[in-house]
There are 2 protein chains.
Amino acid sequence: MLDKKYLTLKESVKLLLDYIEFRCLSFEIVSIESAYNRITYEDILAPENLPGFKRSTVDGFAVRSQDTFGAKETMPVYLTVKGHIPMGVAPDFSLNPGEAASIGTGGMLPEGADAVVMIEHVNVVSSDLIEILKPIGPGENVIFEDEDIKEGELVIPKGHKLKPQDIGALAGLGISQIKVVKKPVIAIILTGDEIIPYTEKVTPGKIRDINSFTLAGLIDLAGGIPLKMGIVKDDYKELKAIVNKAYELADIILITGGTSAGIKDMTAQIINELGEPGIIFHGVSIKPGKPIIAGVCNNKPVFGLPGHPVAVYICFELFVKPVINKMLGLTDKTYKPKVKAKLTKSISSQAGRRDFIRVYLEEKEGELLATPLLSKSGLIMTLVKANGILCIPEDLLGFEKDEIVEVELL
Amino acid sequence: MLDKKYLTLKESVKLLLDYIEFRCLSFEIVSIESAYNRITYEDILAPENLPGFKRSTVDGFAVRSQDTFGAKETMPVYLTVKGHIPMGVAPDFSLNPGEAASIGTGGMLPEGADAVVMIEHVNVVSSDLIEILKPIGPGENVIFEDEDIKEGELVIPKGHKLKPQDIGALAGLGISQIKVVKKPVIAIILTGDEIIPYTEKVTPGKIRDINSFTLAGLIDLAGGIPLKMGIVKDDYKELKAIVNKAYELADIILITGGTSAGIKDMTAQIINELGEPGIIFHGVSIKPGKPIIAGVCNNKPVFGLPGHPVAVYICFELFVKPVINKMLGLTDKTYKPKVKAKLTKSISSQAGRRDFIRVYLEEKEGELLATPLLSKSGLIMTLVKANGILCIPEDLLGFEKDEIVEVELL
């Protein structure tokens, strides 16, 4: 019983992404202190060498390496200690043949020196004489002036999400401001006569807004700025007005609940009226999330997300996040964190449909177990209790109890 | 050649954590909008049922299930349509035997109804008469009033890091403010006569601050608040004054570069003078990061981190983060995201020592390859280029080229 009416997940995502221009968002200039987790807008090249001078990586004695050639425990080489190199200053002397200078980790080598003998490998005979017991090669225990980063070299490529150590490297190069991709503003419109703000008391038939809170958190994690547009009644004029406003203010528009019976046709019509080409697809062969609507209106992605809390989550991860990543121009290869676990219950699916099952991962006697949290998809608690998602692909009818499955971490 | 002088990683972390009191940080009350990624301070129980009323999960007709028993395609059951239930209101009628009511997804069932027949399984004969073609069980296509969350039930346990869907569930329950664990303030003190602020021009022998930027980002990701205390010269009095100040302001103190020759004894002395018990260990059998100092002074953890950028990163992840997690009272089981990859070069280690090798993961012809980025540990660029960390445990002498290894994602 193949679900032939609908696109597969892969087909639908490809179709949608083909309409999205890579790195279509503009840039802004920010200080590196504000650049953590932001996406670089252009390649960042090194304005200078790092460290910029020959630097010792150990505590010991800077030497001319050729002076040490032939040194043995039985026949040490004697070197005159010319002085001590304080940290943070250029030595005011250079080394002539037969001379050494004491130096700390991070200290600058004097002119003439090309290696540092570790303190442990030296016999200090007197304050100005040391014995070297074995030879040392040129460059040993030294970082050369352009060894960490060379002037003009690529430090961070464009389209990279900046990690703490990246910001560290930029600081080390004295780069204080950089161009990053602007965060996309993502409008959240809630539809449904039954939805009330979370601050209101429920009366029979009403349900508080859950989805704008889940979505706001997901948008933030994905590098966007959530813009809550409020709750709209199932009314064409009202919905159209707020979608038009969102279109002015936001880069992406999410309409939740816009796929249910009362409002489905309305949402579809409004997306088609908003701009070309309008709706790209309506319905995908997945569960939950099947009734999703995706459109692009004059280059702005517009989604009609199912109202069920779990479907909202899944649809965001499957459709909205890849769109955000492409708009941001993210080029990092990302690997979804997965673990292997043993299934505690059999679960079945429908051929031709991709199912996403919430599971609870638990270690018992050294074994990782995955328990499917099966329930009606309208329930938020299965998603709260879950710490993993198991995918049943289109070509399988399910998994057996005790089968080892790959679970994506939530 | 076992590295017998030093503790193993496991021994040192255990020793340190034994001095840290679980959930020793205080709480603060925040709105749920500000609670994303925060750690719950106490169990959160449901103040009411969710959804709070019998709710349809499909578009169709609310019925009394027993009325449909015995229905067949050849002998349908006829029901009178009593009316339509608008979304978001309690129906103003109840169902008597032989009656049905049209309802949308999310609508409230009328008194008497206990199931909803999907629109697809109904023949609409006229505006007030429908044919039911097969029986439906009680509760089918219905979420009961306490089925998502029951009043008094545990919604979120204490010690949990709040995800977007958790905040969604809290909103659904009308919970607007919660107790979360206070973020630990973590002081960063940079030591070294050679260190200058990143805004200054380098002169020979000087090097700009890299570590405070890497650490600030790592602290933020770990749920703490970085407090930059500036750069201190290698001077006992100056360092002591700033450590004392940090002790007043912060929950954890990080002194970077405090393990190098010039300042090592000074740092150790100051930690021991700061409070009881003082230094817990000095040096661990790992690479990089071996000279790390960890102390606890009147319940405040104080670290002397090596000055090398890579060692700082590794030591933070291995020692500081578990301390933060214990102070926050985090109880979530976390699984470090790992991938399996094929090593492109052999790498060797020393028995008894745990090595952390930066690697670059790359997919080639469907195979994931890990290339070790071997270099002197003073270099920040290996960490910038790396997207994975490979650990060589104490009992191995390394890995062979083409071996399949487990790489932790960076």
Side-chain angles (χ1 to χ4, degrees), chain A residues 32 36 51-53 57 59 86-90 104-106 108 143 147-149 155-156 163-169 171-172 174 176 192-194 198-199 202 204-211 213-214 217-218 220 234 260-262 307 309 313 335 337 339 376 378-381 383-384 409, chain B residues 32 36 51-53 57 59 86-90 104-106 108 143 147-149 155-156 163-169 171-172 174 176 192-194 198-199 202 204-211 213-214 217-218 220 234 260-262 307 309 313 335 337 339 376 378-381 383-384 409:
Chain A
I32 57 170
Y36 294 97
F53 57 91
T57 63
D59 295 332
M87 293 299 289
V89 296
T105 304
M108 178 173 175
I143 295 176
E147 198 174 342
D148 201 346
I149 307 177
V155 185
I156 316 267
K163 300 183 219 177
Q165 58 268 39
D166 301 328
I167 305 290
S176 57
D193 292 340
E194 77 280 21
Y198 84 106
T199 44
V202 282
K206 301 284 188 200
I207 192 112
R208 292 195 195 88
D209 160 26
I210 291 177
N211 290 332
F213 290 86
T214 306
L218 292 172
D220 182 64
D234 295 343
S260 63
Y313 182 96
Y335 303 93
V339 293
K376 294 158 186 166
L379 308 186
I380 180 80
M381 276 309 284
L383 198 56
V384 169
L409 298 175
Chain B
I32 57 169
Y36 294 97
F53 57 92
T57 63
D59 295 331
M87 293 298 290
V89 296
T105 305
M108 179 173 176
I143 295 176
E147 197 174 341
D148 201 347
I149 306 176
V155 185
I156 316 266
K163 299 183 219 177
Q165 57 268 40
D166 301 329
I167 304 291
S176 57
D193 291 341
E194 77 281 21
Y198 84 105
T199 45
V202 282
K206 301 285 188 199
I207 191 111
R208 292 195 194 87
D209 160 25
I210 290 175
N211 290 333
F213 289 86
T214 307
L218 292 172
D220 182 64
D234 294 344
S260 62
Y313 182 96
Y335 302 93
V339 293
K376 295 157 185 168
L379 309 187
I380 180 80
M381 275 309 284
L383 197 57
V384 169
L409 298 176

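In what follows, every chain begins at residue 1, and chains take the letters A, B, ... in the order their sequences are listed. Heavy atoms only: backbone and side chains are in, while hydrogens, waters and symmetry mates are out.
Between the A/Asp209 side chain and the B/Ala171 main chain, no donor and acceptor come within less than 3.5 Å of each other. In this structure, the side chain of A/Tyr36 does not engage the main chain of B/Leu218 through any donor-acceptor pair within 3.5 Å.
Interface summary for chain B: among A/Met108, A/Lys206, A/Glu147, the most heavy-atom pairs under 4.5 angstrom belong to A/Lys206. Contact count versus chain B (heavy atoms, under 4.5 Å) is highest, among A/Gly168, A/Pro86, A/Gly205, for A/Gly205. Contacts with chain B were tallied for A/Ile167, A/Ile156, A/Thr199; A/Ile167 has the most, counting heavy-atom pairs under 4.5 Å. Across A/Gly192, A/Gly174, A/Ala90, the residue that shares the most heavy-atom pairs under 4.5 angstrom with chain B is A/Gly174. Chain B forms the most heavy-atom pairs under 4.5 Å with one residue out of A/Gly52, A/Gly88, A/Pro51, and that residue is A/Gly88.
A heavy-atom distance below 4.5 Å is found between the side chains of B/Met381 and A/Val155.
Between B/Leu379 and A/Asp148, the shortest heavy-atom distance links the atoms CA-OD2, 3.2 Å. Between B/Gln165 and A/Val384 the shortest heavy-atom distance is O-CG2, 3.6 Å. The two residues B/Ile210 and A/Gly172 come nearest to each other via the heavy atoms CG1-CA, 3.5 Å. Among all heavy-atom pairs drawn from A/Pro164 and B/Gly217, the shortest one is CG-C, 3.6 Å. A/Asp193 approaches B/Met87 most closely through the heavy-atom pair CB-O, 3.7 Å.
Contacts between B/Val339 and chain A at a heavy-atom distance below 4.5 Å involve the side chain alone, from C-beta outward. Heavy atoms closer than 4.5 Å to chain B are found in the side chain of A/Leu409, but not in its backbone. Heavy atoms closer than 4.5 Å to chain A are found in both the backbone and the side chain of B/Ser176.
In this structure B/Phe53 satisfies the ring pair (Phe, Tyr, Trp, His ring centres under 6.0 Å) test with no other residue, sequence neighbours excluded. Every side chain to side chain donor-acceptor pair (under 3.5 Å) that A/Asp166 has, sequence neighbours left out, goes to A/His160.
Note that CD of B/Glu194 and OG1 of A/Thr105 are 9.5 Å apart. Values are rounded to the nearest 0.5 Å.
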